[in-house]
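Quick note: residue numbers are just sequence positions, from 1.
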Amino acid sequence: MTSPPSGSPVLRRPFARRLLATLAAAALAFGVMLPSAAVAATAGPSPSVQAAALSAAPAANGILRPGDSLSVVVTLTAGSSAAATTPLALSIGTAPLPDDGALDRWLDGDTAGQTMQQVATGAVDATASGAQTSTTLTVAATDPALNGRGAGVYPVQVTAGTLTASSVVVVPSDGAATPIALVVPITAAPMTRGLLTGNELAELTAVDGALSAQLDAVDGTTATLAVDPAIPAAIRVLGSAAPPTAVAWLQRLLALSNDRFALQFGDSDVAAQLQAGLTAPMGPTSLQSYMSEADFARPAAAVTSPEPSPSASPGQPSFPSLSALLDIGTATPNVFWPATGSAGPETVASLGALGTAEEPARVLVASASVTGSRPTAGAVGGVSTPVYDAEVSRVLADAAGQNDTTRRSASLAAAQAYLAIARATAGDQPVLAVLDRGTDRSRVSLRATLGLLSTAPGFTTSTFAEVTSRPASEISLASPTVDSARVAEVGDLMTDEQAVDRFATILDEPDLLTGRERAELLQVISVSWAGDAARKAVADHRAGTQTTLDSVGILSSDFRLVSSSAPLRPWVRNDLPWPVTVVLAVRPDDARLRVQDHTTIEAQAAANTRVEVPVEARIANGEVGVDLQLYSPTDQPVGTPQRVDVEVRAEWESIGLIVIVALVVGFLSLGVVRTVARRRRTRAEEQPPSTPDAETPTDGIGVKDPDADGRGPAEADTEDAIASPPTEQETRP
């Protein structure tokens, strides 16, 4: 499908705009479509302007047998402007396309070297802006242009004014049937979480879900399944909480008779990992953090595996093992499917070393990566390297991703053409194709694409296992184009993971954290990530990892020590959902302040925990800096170091004691004085006034001294008060 080139300069003068508008109106009146650049010129430089498009798809997926009529469905999609009734012309080439290269150029719109013969005309009705209109052009079987054509792939072209759409028809050849095998991935869209959530699984495994569509497409076929083990694991970790549709989907997957092999967890990029310096691809280490005890209190139907789960104590949940979580059913081991074009000789050698004599490694490579002969059963340095047809695989993936009927049929016709050329060049070799990774594939598109291989003339369906069991021929692989930025990202992610491994030693079960980190890392480097989206996924994950490393730390402030000894009381912040064990190291910068060097803390999950560190001052006054740092039980630093200033005022303790003692003595003395004074006043009030009688001399001679015992008045009162404590009535104010 082609359209006229765009990019013509926009005429900005009013006269020019009026002239183009007049010409456009006249052209539409006669059913002629203007080039997209001219339409854009009449509308101005608006980025929302869309050009019209034309597509053409031969009937029967492009198969034209002798004696059949030729029918081509043509669809016109109007752009930003409505299209009037448009004349159509159908032409077919007089000679077949010789090879893949010629077919590539033709479908890309290069008509050089092709002699075309017009065989039919018609018209497509007026089409509203943004709408589609379809019609069918037919050539009778008796037309001389169709009679006598030999086997081959013939170019077909439809023109509508200046728009063209290129397609092909295949006249099949006779001869022995060629085996063809297809590998189909069972994967979900790329993500940054370690596993799909329950809600996502419920949506994907619903009747109209993407995962259900994949099983519907492969059910009843001989396609070999390449299953991402993260999908069964995501269902099994939910235990009894797994959505019923997800449980049914998993049981259906395990019951399918299709051959299968496991992709890397999350369909992670194998080549990028090896290019980053690893000797073997990474795999998941633990998925325990995704499982809840409440969901495994009773057996769950989703946890079905030939390997029994470890037994648990009575009343305790029985969690499945990692291998049970990842089980995909009976599968061929040690099969690796690197991203198309990413596997070079070094990658194949590294992966081949992972196999054994009983279970040898197999590495799928694209025919575009092979130099020289391209046998399907290939080998590089003794390592089995099945070669899949890159062109057939590319158009199959394009057809599976097309939801527009005409464009999907055009892609299927192109796939038939590439299959015909592959058969012509295969000799006695089978043909291997893959339906490469992709998302947003409808059930109809997937089923139509897989159905093409079962009906392709001259082919018989086979399996991946049958293809790889054939004697292998040595092949040569070209050096792949290494995405240095991707390799550097993988290296950064592995460095971050090592930091998480050290940090996780604060947990009683480090796998709760390290297992989650590994699962997320593998998802982030999935083959399905590409371009800016891949860069953003890595950046987001690295930011999340840093948040995890900062989730445990110290909350503290400056401290004033008002006595010779008192506790330093910082907080330990724990944002993790699990309790942690850390050691608080305290180091003063002055030896005159003595502290407890290390304090072990059991910090609660998602909480702040108060810590008390004994401190003893050896100075009366001064300021001392104290460094605080958390460590794991294995002496790994945790969090950011903190420094607090301790202001020592130890003499305040002595001063306070002196003041208290003085106050106590003062109050006691004041109490005694007040008591004596009250007693004297009381006695004075109770003693009657003395009246002299006749016998009492008035000159004082012979008067009896009241203090005849020799004590003075004050001394007597004081001694009496001491000897006889005042009664409650006497002491009441």
Side-chain angles (χ1 to χ4, degrees), residues 181-191 194-268 283-284 287 290 299-309 320-333 335 337 400 434-439 441-443 446-447 449-451 461 463-465 519 523 526 528:
L182 178 66
V183 176
V184 179
I186 305 297
T187 58
M191 59 182 176
L195 290 175
L196 292 165
T197 65
N199 289 337
E200 290 170 335
L201 286 169
E203 179 180 352
L204 291 171
T205 58
V207 174
D208 57 348
L211 290 178
S212 294
Q214 293 176 20
L215 292 194
D216 289 344
V218 300
D219 195 359
T221 71
T222 60
T224 298
L225 311 183
V227 183
D228 178 3
I231 300 175
I235 299 172
R236 292 189 175 107
V237 296
L238 296 177
S240 59
T245 56
V247 175
W249 183 92
L250 178 56
Q251 292 172 340
R252 181 184 178 192
L253 170 68
L254 297 175
L256 288 176
S257 60
N258 301 68
D259 289 347
R260 66 197 65 190
F261 63 85
L263 294 169
Q264 303 303 298
F265 185 94
D267 195 17
S268 58
L287 299 175
Y290 296 96
V303 185
T304 54
S305 169
E307 178 184 345
S309 300
S321 65
L322 180 61
S323 59
L325 292 173
L326 301 174
D327 179 61
I328 64 168
T330 304
T332 304
V335 178
W337 183 6
V434 300
L435 184 61
D436 218 339
R437 291 87 162 179
T439 59
R441 292 170 172 171
S442 70
R443 178 177 283 96
L446 280 171
R447 195 67 183 178
T449 302
L450 270 64
T461 57
T463 64
F464 176 77
Q523 293 283 6
S526 171
S528 297

Legend entry - Distance (rounded to the nearest 0.5 Å) between L325 CG and I235 CD1: 11.5 Å
Legend entry - Rounded distance (nearest 0.5 Å) linking atom CG of L182 with atom OG1 of T463: 11.5 Å
Inset, instruction - Would you confirm whether R260, through its side chain, and A226, through its main-chain N or O, come within 3.5 Å as a donor-acceptor pair? - result: no
Legend entry - Check: D327 main-chain N/O paired with R236 side-chain donor or acceptor under 3.5 Å: yes
Inset, instruction - Using the test ring-ring contact (aromatic ring centres under 6.0 Å, His included), find all partners of Y290 that sit at least two apart in sequence or belong to another chain. - result: none
Legend entry - Distance (rounded to the nearest 0.5 Å) between T332 OG1 and F464 CZ: 7.5 Å
Inset, instruction - Please report the closest heavy-atom contact between S212 and W249, naming both atoms and the distance. - result: N-NE1, 3.8 Å
Legend entry - Side-chain touch F265/Q523, heavy atoms, less than 4.5 angstrom: yes
Legend entry - T187 versus L211, closest heavy-atom pair with distance: O-CD2, 3.7 Å
Inset, instruction - Write down the atom of L253, the atom of P232, and the distance for their closest heavy-atom approach. - result: CD2-CG, 4.4 Å
Legend entry - side-chain contact (heavy atoms from CB on, under 4.5 Å) between L435 and L446, worked out: CA-CA 10 Å; L435 184 61; L446 280 171; 3.8 Å; yes
Inset, instruction - Start with the C-alpha distance between V183 and F261, add both sets of side-chain angles, then the distance that settles side-chain contact (heavy atoms from CB on, under 4.5 Å), and finish with yes or no. - result: CA-CA 10 Å; V183 176; F261 63 85; 3.9 Å; yes
Legend entry - L287 versus A519, closest heavy-atom pair with distance: CD2-CB, 4.2 Å
Legend entry - Spacing of CD1 belonging to I231 relative to CG belonging to L326, to within rounding of 0.5 Å: 12.0 Å
Legend entry - L238 side, atom CG; T197 side, atom OG1 - distance, nearest 0.5 Å: 8.5 Å
Legend entry - Atom pair CG (N258) and OG1 (T222), whose distance is rounded to the nearest 0.5 Å: 8.0 Å
Legend entry - Taking every non-hydrogen atom, the tightest pair across G266 and D228: N-OD1, 2.9 Å
Inset, instruction - Could I get the full list of salt bridge (Lys or Arg N to Asp or Glu O under 4.0 Å) partners for D267, not counting sequence neighbours? - result: R437
Inset, instruction - Taking all non-hydrogen atoms of both residues into account, name the closest pair between L254 and G329 and its distance. - result: CD2-N, 3.6 Å
Inset, instruction - List the steps, then state whether side-chain contact (heavy atoms from CB on, under 4.5 Å) holds for L196 with M191. - result: CA-CA 8 Å; L196 292 165; M191 59 182 176; 3.7 Å; yes
Legend entry - Pairs involving residues 216-227, ordered by first then second residue, that meet salt bridge (Lys or Arg N to Asp or Glu O under 4.0 Å) (sequence neighbours left out): D216-R252, D216-R443, D219-R252
Legend entry - side-chain contact (heavy atoms from CB on, under 4.5 Å) evaluation trace for T221 with T461: CA-CA 9 Å; T221 71; T461 57; over 6 Å; no
